[in-house]
A.B. asks: 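The structure is given below, and queries will be raised subsequently.
Just so we're on the same page: letters track the sequence lines, and every chain starts at 1.
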Number of protein chains: 2
Amino acid sequence: MAATTTTRTLHHPDLDDVELTSVLFALSDPTRLELIRLLATEGPQTVAQCQIAEPDVPKSTFSHHLKTLREAGLIRNEPSGRQRTISLRRADLDARFPGLLDSVL
Amino acid sequence: MAATTTTRTLHHPDLDDVELTSVLFALSDPTRLELIRLLATEGPQTVAQCQIAEPDVPKSTFSHHLKTLREAGLIRNEPSGRQRTISLRRADLDARFPGLLDSVL
DNA sequence: CCTACTGTTCGAGTTACATCGAACGGTCAC
DNA sequence: GTGACCGTTCGATGTAACTCGAACAGTAGG
């Protein structure tokens with residue numbers, strides 16, 4: 001098949017393809033902003049750990065937010081055993097938009 | 001009437017009521033971001049002057065963007081004779097979200 | 001294997017936002 | 001006053017995003 005259909009590895013945009021407007025939009029949702037702050041202070045977390053901070057958000061909704069953040073270039077989402085590790089792309093973001101992350105945290 | 005119906009003076013949110021998520025959302029549109037950059041570099045402008053930078057945007061659409069930015073607390077829109085003066089609320093924003101504006105400009 | 005577990009994807013319903021022409025409101029010039 | 005001018009508001013339309021349950025995919029353990 002030409003297209004990748006497995007859900008194993010998800011696509012992450014290259015640093016050069018990360019657009020400021022997309023980043024700002026991704027951060028403009030309270031749930032997502034809160035999650036970014038969690039990752040910034042606590043470091044990489046599993047999805048389940050992230051969800052503890054947002055107990056009222058169903059997992060499909062939460063997964064949607066993770067997708068938005070990932071496609072905007074804010075986080076990485078990598079398989080780790082049966083779970084997945086969510087991490088902030090801080091070095092990338094600091095390189096591309098210096099000071100931005102610091103100012104929203 | 002109880003409600004203000006005149007279009008003469010428009011409502012601007014108090015500094016304390018300006019929310020980060022609203023600011024980020026307002027900045028997440030390319031046209032609006034461009035306008036903020038114009039105001040930051042060129043200083044206060046009339047609406048007509050702002051529109052020169054975005055020649056393909058109809059004036060009603062442009063006015064909508066101005067409303068979004070104003071309600072988010074990013075700009076002031078004040079009458080000035082027959083025209084209106086659009087200005088960046090830079091001091092307010094720097095006080096409430098230090099470094100944010102600098103990082104997006 | 002087969003089951004339980006973690007998290008994504010699909011699909012449908014709802015809501016919010018963008019866009020733009022037309023109508024309106026206020027101001028200045030004459 | 002009245003006509004031109006600058007800009008907002010209204011109303012209608014299309015589109016994108018949010019929400020969430022149900023179904024699915026990959027992994028580890030017994």
A.B. asks: Got a donor-acceptor pair under 3.5 Å from the side chain of A:S60 to the base of D:dG21?
C.D. replies: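 A donor-acceptor contact between them is present.
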A.B. asks: So which one's nearest nucleotide on DNA chain C is more toward 5', A:R82 or A:S63?
C.D. replies: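 The answer here is A:R82.
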A.B. asks: Using whole Å, what does the distance between atom P of nucleotide D:dC6 and atom CD of B:Q51 come to?
C.D. replies: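 Atom-to-atom, B:Q51 to D:dC6, this comes out as 11 Å.
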A.B. asks: Can any side-chain N or O of A:R96 pair as donor or acceptor with the backbone N or O of A:V18 at less than 3.5 Å?
C.D. replies: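 Judged by distance alone, yes, a pair lies under 3.5 Å.
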A.B. asks: Would you kindly compare A:K59 and A:S80 by the position of their nearest DNA chain D nucleotide and give the one closer to the 5′ end?
C.D. replies: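 First, find each residue's nearest nucleotide; the 5'-ward one identifies A:K59.
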A.B. asks: Expressed in angstrom and rounded to an integer, what is the separation of B:R70 atom CZ from D:dG7 atom C1'?
C.D. replies: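 Rounded to whole Å, this separation is 12 Å.
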A.B. asks: Without decimals, in angstroms, what is the distance between A:H12 NE2 and C:dT8 P?
C.D. replies: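 These atoms are roughly 10 Å apart.
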A.B. asks: Give the rounded distance in Å between these two atoms: CG of A:L10 and C1' of D:dG26.
C.D. replies: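 So the CG-C1' distance, A:L10 to D:dG26, works out to 12 Å.
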A.B. asks: From C:dG7, C:dA18, D:dG7, pick the nucleotide closest to the side chain of B:R32?
C.D. replies: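 The closest nucleotide is C:dA18.
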A.B. asks: Roughly how far apart are B:T85 OG1 and B:R76 CZ, rounded to 0.5 Å?
C.D. replies: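 Here the interatomic distance stands at 12.0 Å.
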A.B. asks: Counting side-chain heavy atoms from C-beta on, which of D:dA17, D:dG7, C:dC20 comes nearest to B:P58?
C.D. replies: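 Of all the options, the side chain of B:P58 is nearest to C:dC20.
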A.B. asks: To the nearest Å, how far apart are A:E71 CD and D:dA16 C1'?
C.D. replies: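 It is 14 Å, rounded to the nearest whole Å.
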A.B. asks: What is the distance from CD of A:Q83 to P of C:dA4, rounded to the nearest Å?
C.D. replies: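 Rounded to the whole Å, the gap is 18 Å.
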A.B. asks: Just to verify, which of A:L69, A:L74, A:L66 counts as forming a side-chain contact (heavy atoms from CB on, under 4.5 Å) with A:R32?
C.D. replies: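 Among A:L69, A:L74, A:L66, the one that satisfies the side-chain contact (heavy atoms from CB on, under 4.5 Å) with A:R32 is A:L69.
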A.B. asks: Nearest-Å distance, CG (B:D56) to P (C:dA18)?
C.D. replies: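 Taking atom P of C:dA18 as the reference, CG of B:D56 is at 18 Å.
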A.B. asks: Quick one: label B:N77 by what it contacts on the DNA or RNA (base, sugar-phosphate, nothing), any heavy atom closer than 4.0 Å.
C.D. replies: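 Contact class for B:N77: sugar-phosphate only.
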A.B. asks: If I take atom CZ in residue B:F62 and atom P in nucleotide D:dC6, what distance separates them, rounded to the nearest angstrom?
C.D. replies: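 Whole-Å distance recorded here is 15 Å.
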A.B. asks: Any donor-acceptor pair under 3.5 Å linking the side chain of B:D14 with the backbone of B:D16?
C.D. replies: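 No, the answer is negative, given that no donor and acceptor are paired below the 3.5 Å cut-off.
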A.B. asks: Hey, which of these two, B:H64 or A:H64, hits DNA chain D nearer its 5' end, going by closest nucleotide?
C.D. replies: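 Checking each residue's closest nucleotide, the 5'-ward one belongs to B:H64.
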A.B. asks: Categorize A:H65 for me: base, sugar-phosphate, or nothing, with a 4.0 angstrom heavy-atom threshold over every strand shown.
C.D. replies: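 Result for A:H65 = sugar-phosphate.
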A.B. asks: Looking only at atom types and distance, does a side-chain atom of A:S63 sit under 3.5 Å from a main-chain N or O of A:S60, one as donor and one as acceptor?
C.D. replies: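 Looks like no, no N/O pair under 3.5 Å.
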